[in-house]
Engineer: 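Quick one: the structure is below, questions incoming.
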4 protein chains.
Amino acid sequence: MDSGARRKPSGAAVLRPELTDAIVEITLDELAEKGFGRMSMEAVARRAGVGKSALYRRWPSKQELAVDAMSRLSVPLAEAPDTGSLRGDVRAVLEATLSWLDDPRLGRILTDLVAEARRNETLARALAAAVGEPRRARGEVVLDRAIARGELPAGVDREIALDLFAAPLFWHLGVRLLPVTPEYLDRLTDVLTAALTAGRTGP
Amino acid sequence: MDSGARRKPSGAAVLRPELTDAIVEITLDELAEKGFGRMSMEAVARRAGVGKSALYRRWPSKQELAVDAMSRLSVPLAEAPDTGSLRGDVRAVLEATLSWLDDPRLGRILTDLVAEARRNETLARALAAAVGEPRRARGEVVLDRAIARGELPAGVDREIALDLFAAPLFWHLGVRLLPVTPEYLDRLTDVLTAALTAGRTGP
Amino acid sequence: MDSGARRKPSGAAVLRPELTDAIVEITLDELAEKGFGRMSMEAVARRAGVGKSALYRRWPSKQELAVDAMSRLSVPLAEAPDTGSLRGDVRAVLEATLSWLDDPRLGRILTDLVAEARRNETLARALAAAVGEPRRARGEVVLDRAIARGELPAGVDREIALDLFAAPLFWHLGVRLLPVTPEYLDRLTDVLTAALTAGRTGP
Amino acid sequence: MDSGARRKPSGAAVLRPELTDAIVEITLDELAEKGFGRMSMEAVARRAGVGKSALYRRWPSKQELAVDAMSRLSVPLAEAPDTGSLRGDVRAVLEATLSWLDDPRLGRILTDLVAEARRNETLARALAAAVGEPRRARGEVVLDRAIARGELPAGVDREIALDLFAAPLFWHLGVRLLPVTPEYLDRLTDVLTAALTAGRTGP
DNA sequence: ATGTAAGCGAGACGGTACGTCACGTCTTCAC
DNA sequence: GTGAAGACGTGACGTACCGTCTCGCTTACAT
């Protein structure tokens with residue numbers, strides 16, 4: 001069973017990974033600055049000091065480069081610290097989401113990404129996997145802890161709760177383009193905590 | 001100094017309004033289908049059966065045509081009926097918002113619009129005025145009625161309340177690209193009503 | 001009878017002929033300098049101060065531009081003067097051919113053209129029509145006059161005679177790349193005249 | 001003095017000559033088929049089943065490979081047989097020249113070569129040495145024999161004579177792209193023999 | 001009623017970017 | 001150290017639109 005790995009007969013040239021990284025990085029800058037439609041492969045190549053072929057050897061089109069670059073905007077989402085209370089945890093989740101949406105580069109790209117995703121199934125999936133999932137997982141932890149503490153009933157509506165952790169901030173910052181102040185965050189924390197717990201003492 | 005206005009002595013020749021409308025309509029179709037970046041002036045002119053000059057005589061650039069067309073996506077938001085209860089009114093607002101976001105053409109364009117607005121102050125303002133304001137005004141009516149009924153305190157946090165009327169639906173439909181079912185709407189209505197009223201009986 | 005001519009609805013934009021001429025002229029320069037293979041559309045456009053589209057609107061490819069340009073290298077072959085003798089006429093024909101082949105631009109292009117013609121039927125025909133025919137017609141005049149004078153028999157081998165008017169000069173100048181001196185021309189005139197008249201006093 | 005070749009003491013690793021030959025052979029095919037300008041190093045390497053390095057280790061550029069390959073189209077010109085008469089010898093020379101120019105591959109390449117030589121001194125020299133010289137040498141033999149036989153004067157114009165052995169055939173076949181029939185060859189033999197001998201009985 | 005300025009469809013214009021291909025150089029690995 | 005593989009920067013290919021422009025024709029006021 002010596003074979004298998006012996007497919008490639010000889011010294012294959014390999015795409016230089018540091019070049020790939022540099023291109024991705026510059027692509028993200030261009031995307032943030034110009035948006036998808038006005039980003040240009042030629043500009044990326046020029047700024048990266050590489051030929052266009054280095055780009056097209058890695059990605060078959062501008063679209064695929066952009067999607068790949070965006071999907072690498074990994075969400076280095078810090079762990080959700082246990083603050084001891086639902087209210088504290090909600091506030092922490094909101095702050096984490098805010099610091100992510102507030103990043104000047106990521107924020108700009110994300111809205112482009114969302115727009116593009118409507119016409120690109122692949123991108124939509126990549127977006128959900130790379131961006132949505134980790135963030136939602138973190139929200140789940142908060143809900144689980146609150147249930148364990150007895151602050152929330154086990155049957156809390158998770159889908160809506162998780163939507164509410166992200167939606168208002170995205171809407172305020174990304175759609176209405178208004179700043180999110182700490183004070184806004186306080187009020188939002190209050191309302192969301194109330195919303196989640198409201199049902200608890202219900203009828 | 002008799003001149004000035006007396007330059008144009010005769011034959012008016014005025015931009016034909018039905019042409020303007022037809023171009024706008026086709027622009028919206030192209031925008032919905034291709035997105036802002038891939039929409040092309042040549043295609044719009046071709047589909048409208050007009051010359052490119054008819055476009056550029058009306059709008060100085062592709063961007064301005066697109067922005068203008070989008071801003072005409074008027075929000076034929078039906079009046080908010082008084083359902084007799086906060087809960088009913090919230091449900092009605094959500095349904096109106098949903099029917100607006102769910103429009104296949106408007107939905108697609110709106111996300112493009114949001115992305116573009118980050119890099120275009122004019123568009124951002126047009127977006128806020130044409131889309132945000134009417135919708136928010138309608139939300140205000142609901143809050144006012146609830147206060148009048150005594151269902152909400154006069155000092156209810158209007159900014160957050162109005163954000164919450166739109167944010168979750170936009171997030172769910174436009175960002176997460178998931179369908180909004182009537183059942184989801186029920187649950188969302190419950191949670192939002194609870195959130196708004198939660199403070200009422202507070203300490 | 002208002003219709004009929006009313007097919008073309010309005011003022012069609014037309015390729016500007018002076019631009020076409022300028023492009024052709026610069027193409028010929030590039031062809032002479034670089035040869036077909038190294039001539040570049042971008043360089044032609046740049047030197048002509050036009051966009052590439054101006055080229056591609058007129059010719060579907062580099063090859064067709066080059067062929068068209070070359071076929072316009074019209075042969076402004078002066079009339080063959082009647083020098084009063086076959087020898088004088090032969091000398092005049094050789095001189096005309098020489099002045100044509102010796103043109104620095106035409107000479108370089110002609111060999112490219114000949115090479116290209118082997119793989120391009122269209123070019124081969126254009127070459128024969130634009131270049132070969134007029135030159136041969138002029139040779140025929142010389143033969144006709146010599147027959148009229150009684151210097152040549154009516155049955156002189158025209159095909160070979162006409163080949164011999166051009167072949168040695170093309171070979172010497174174009175293939176062997178040697179200069180053609182007046183003295184060489186004298187000797188060639190002698191030999192060709194002798195060759196043509198040799199048969200006259202036959203058996 | 002066995003050394004010299006014995007420089008490389010160990011793991012010899014010498015350019016494999018059979019590879020060189022194979023590459024040259026394929027280069028000639030590509031040249032004949034596509035012409036110099038459209039021949040591609042990548043295609044040669046691909047068809048030869050070798051890497052591009054095998055090419056560039058042997059020749060510094062496409063041009064030099066092409067020139068080298070063409071110069072190896074050695075002229076396997078059979079010895080000029082002594083037919084016993086000038087006329088017979090001229091006919092033999094013409095036939096040899098024809099069989100050389102008529103070779104489908106060589107004929108195509110030769111015209112490319114001639115065109116390229118105008119812009120490449122090295123190629124021009126290689127062409128003269130590899131192609132012109134042997135052919136001319138053979139022509140000289142014919143002239144020498146005719147002088148020895150007394151058919152030509154010692155002072156016959158060799159330069160013109162040698163030009164006339166090749167020029168008409170190249171012109172007819174290579175430039176005018178017409179077939180050379182045996183009958184044409186007969187007539188050409190007659191005229192050339194007459195041209196050479198015409199001066200003999202002079203004054 | 002007519003003159004005339006503007007609107008109109010068409011499309012050429014100089015550009016920029018697309019995605020492809022080949023150049024000649026270089027590096028890597030296998031033999 | 002030859003050789004196959006192929007990545008690298010470069011630059012031309014031919015295409016598609018951009019926004020500008022000019023061209024004749026049509027239309028609808030203002031006289």
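A quick note: this is a predicted structure, and the numbers were derived from the prediction, not measured. Protein chains get the first letters and strands the later ones, always in sequence-line order, with residue 1 at the start of each.
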Engineer: Apply the side-chain contact (heavy atoms from CB on, under 4.5 Å) test between I23(A) and each candidate in I26(A), T27(A), T20(A); give the one that qualifies.
Structural biologist: T27(A)

Engineer: Can K62(D) be said to sit on top of Y56(D)'s aromatic six-ring, NZ or CZ under 6.0 Å from centre and within 45° of the ring axis?
Structural biologist: no

Engineer: With a 4.0 Å heavy-atom cut-off, tell me which residues in residues 20-27 of chain A come close to DNA chain E, sorted by residue number.
Structural biologist: none

Engineer: Given atom CG of L55(C) and atom P of dC13(F), what is their separation to the nearest angstrom?
Structural biologist: 9 Å

Engineer: What is the distance, rounded to the nearest whole Å, between atom CG of L19(A) and atom P of dC26(E)?
Structural biologist: 17 Å

Engineer: Mind checking salt bridge (charged side-chain N to carboxylate O under 4.0 Å, His left out) for D29(A) and listing every partner two or more places apart, or none if nothing turns up?
Structural biologist: R47(A), R105(A)

Engineer: Excluding sequence neighbours, so at least two apart, what forms salt bridge (charged side-chain N to carboxylate O under 4.0 Å, His left out) with R46(C)?
Structural biologist: none

Engineer: In whole Å, what is the span from the CZ atom of R38(C) to the P atom of dC13(F)?
Structural biologist: 14 Å

Engineer: Can you give one letter per nucleotide of nucleotides 17-24 of chain E, going 5' to 3': B for a protein heavy atom under 4.0 Å from the base, S for sugar-phosphate only, - for none?
Structural biologist: SBBB-SBB

Engineer: Should the pair R108(A)-D112(A) be classified as a salt bridge under the 4.0 Å nitrogen-to-oxygen rule?
Structural biologist: no

Engineer: What is the distance, rounded to the nearest whole Å, between atom CZ of R16(B) and atom P of dC25(F)?
Structural biologist: 18 Å

Engineer: Expressed as a whole number of angstroms, how long is the span from L15(C):CG to dG14(E):C1'?
Structural biologist: 15 Å

Engineer: Considering every strand and a 4.0 Å limit on heavy-atom distances, what is the contact class for R58(C): base, sugar-phosphate, or nothing?
Structural biologist: sugar-phosphate

Engineer: Taking salt bridge (charged side-chain N to carboxylate O under 4.0 Å, His left out) as the test, write out the residues that go with R125(A), two or more places apart.
Structural biologist: E121(A)

Engineer: Do the side chains of R72(B) and E25(B) get close enough for a salt bridge, i.e. N-O under 4.0 angstrom?
Structural biologist: no

Engineer: Measure from CH2 on W59(B) to P on dT20(F) and round the result to the nearest Å.
Structural biologist: 15 Å

Engineer: Taking salt bridge (charged side-chain N to carboxylate O under 4.0 Å, His left out) as the test, write out the residues that go with R118(A), two or more places apart.
Structural biologist: none

